[in-house]
Amino acid sequence: MNCKQFNSISLEEVLLSLGHLPTKQNEKEAWYLNPFAIESQPSFKINKSLNCWYLFSEGIGGNNVSLLKKYLNKSTSEILAWAEDQNFSSFQKQNISNQNFENKTKNYKILDEKEIVHSALLEYLKSRKVENQNELLKEIHYKMNDKNYFGIGFKNDSGGYEIRSKYSKICLGKKDISTIKNDSKSLRIFEGFFDFLSFKNVEKSLEKKPSDYIILNSVSMISNIKKSLDHYENIELYFDNDVSGNRAVEMIKNESKNAEDCRVLYSDFKDLNEWLINKNTGIKVAYRLKR
């Protein structure tokens with residue numbers, strides 16, 4: 001990875017990898033607490049279209065490289081080596097075309113939406129052990145940069161689609177959360193839809209009743225759900241076991257006294273789906289989460 005490639009990665013994702021989440025955001029910008037020092041008010045702003053940052057409290061700004069130079073106090077070569085190890089989703093190469101489409105999804109057209117029937121997609125769902133949870137999924141065929149692709153689509157609240165396959169991880173349309181309502185006083189929050197589908201596979205075995213669900217589709221969307229938390233008597237959190245997941249749990253627990261970190265269920269794994277994949281066939285759960 002070179003400087004140009006690293007600077008093309010979403011600043012939001014870079015900050016997320018460091019454990020920093022926005023305090024507020026819209027389509028054009030996002031505000032953060034100062035990542036370099038302790039502050040009580042957000043003074044760090046990123047411009048999403050330009051993919052650059054500015055810290056008002058110090059009057060400085062720049063790109064990804066300048067951010068990491070200040071944050072890690074390392075040389076450019078050391079920063080690029082660090083970036084290579086992060087496996088940023090917005091830099092992951094598509095095996096189909098060997099290109100990064102994370103920031104190019106405006107140039108797309110959905111050609112077909114239908115029930116999942118393609119053998120490759122069915123096999124992918126099977127490999128993630130959620131092949132029986134396809135009620136909310138679609139097989140999406142789309143054109144991008146004059147080439148045709150297909151993948152598993154999970155719709156968000158703005159009508160966009162999270163697209164997943166063995167080779168791709170992108171969003172078509174506006175990035176947003178996905179909300180599933182069951183008129184419940186309980187809420188369960190997941191980072192991604194594979195974690196949600198994994199939970200649905202074990203919900204009964206955990207002696208859980210259906211609730212309302214929010215799938216963030218990116219932990220960076222967490223600031224979009226703060227107003228929703230007040231409506232629930234009980235909130236269960238199923239985030240990844242990493243720095244950003246820890247930070248997300250902390251933020252929500254600070255917002256709501258009714259929030260519970262439920263990651264003890266899969267504490268030895270990166271996330272809920274990885275836990276499900278590695279579970280023995282025939283679910284037998286020793287630990288029961290609080291209903």
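All figures in this text were calculated on a predicted structure; none of them were measured in a lab.
Across all their heavy atoms, Ile140 and Glu113 have their closest contact at CD1-CG, 3.6 Å.
The environment of NZ in Lys155 is sparse: at most 12 heavy-atom neighbours from other residues, nucleotides or ligands sit within 6.0 Å.
Asn156 contributes a side-chain N or O that, together with a main-chain N or O of Ser158, makes up a donor-acceptor pair within less than 3.5 Å. Judged by distance alone, with hydrogens and angles left aside, the side-chain atoms of Lys24 form no donor-acceptor pair with the main-chain N or O of Trp31 at under 3.5 Å. Not one N or O on the side chain of Tyr54 forms a donor-acceptor pair closer than 3.5 Å with the backbone of Cys52. The closest donor-acceptor contact from the side chain of Glu139 to the backbone of Val117 lies under 3.5 Å. The backbone N or O of Asn182 lies less than 3.5 Å from a partner atom in the side chain of Asp212, making a donor-acceptor pair. No side-chain donor-acceptor contact under 3.5 Å links Asn224 to the backbone of Ile177. A distance-only check finds a donor-acceptor pair linking the side chain of Asn51 to the backbone of Ile9 [under 3.5 Å]. Asn64 places a side-chain N or O within donor-acceptor distance of the main-chain N or O of Phe6, the cut-off being under 3.5 Å. Side-chain atoms of Asn258 never come within 3.5 Å of backbone atoms of Ile235 as a donor-acceptor pair (strictly under, hydrogens ignored).
In this structure, Leu276 CG and Leu197 CG are separated by 10.0 Å, a value rounded to the nearest 0.5 Å. From Tyr232, atom OH reaches atom OG of Ser256 across 11.5 Å, with rounding to the nearest 0.5 Å. The SG atom of Cys3 lies 10.5 Å from the CE atom of Met1; values are rounded to the nearest 0.5 Å. One finds the CD atom of Glu236 at 6.0 Å from the CZ atom of Phe199 (value rounded to the nearest 0.5 Å). Rounded to the nearest 0.5 Å, atoms CD1 (Ile152) and CZ (Arg164) are 10.0 Å apart.
Aromatic ring pairs are classed by plane angle as parallel below 30°, tilted from 30° to 60° and perpendicular above 60°; the pair Tyr238 and Phe190 is parallel. Ring geometry for His20 versus Tyr71: interplanar angle over 60°, hence perpendicular rather than tilted (30 to 60°).
A salt bridge links Glu58 with Lys70; the closest basic N to acidic carboxylate O contact falls under 4.0 Å.
Stacking of Lys138 on the aromatic ring of Tyr161 is not recorded, the 6.0 Å distance cut-off and the 45° axial limit not both being met.
The only member of Tyr108, Tyr149, Phe150 that meets ring-ring contact (aromatic ring centres under 6.0 Å, His included) when paired with His141 is Phe150. Of the candidates Lys48, Lys45, Lys175, Glu12 forms a salt bridge (Lys or Arg N to Asp or Glu O under 4.0 Å) with just one, namely Lys48.
A search for side chain to side chain donor-acceptor pair (under 3.5 Å) contacts involving Glu274 returns nothing, not counting sequence neighbours.
Listed by first then second residue, pairs satisfying side chain to side chain donor-acceptor pair (under 3.5 Å) with a partner in residues 263-273 read Arg128-Asn273, Ser198-Asn273, Asp240-Lys270, Asn246-Arg263, Asp261-Arg263, not counting sequence neighbours.
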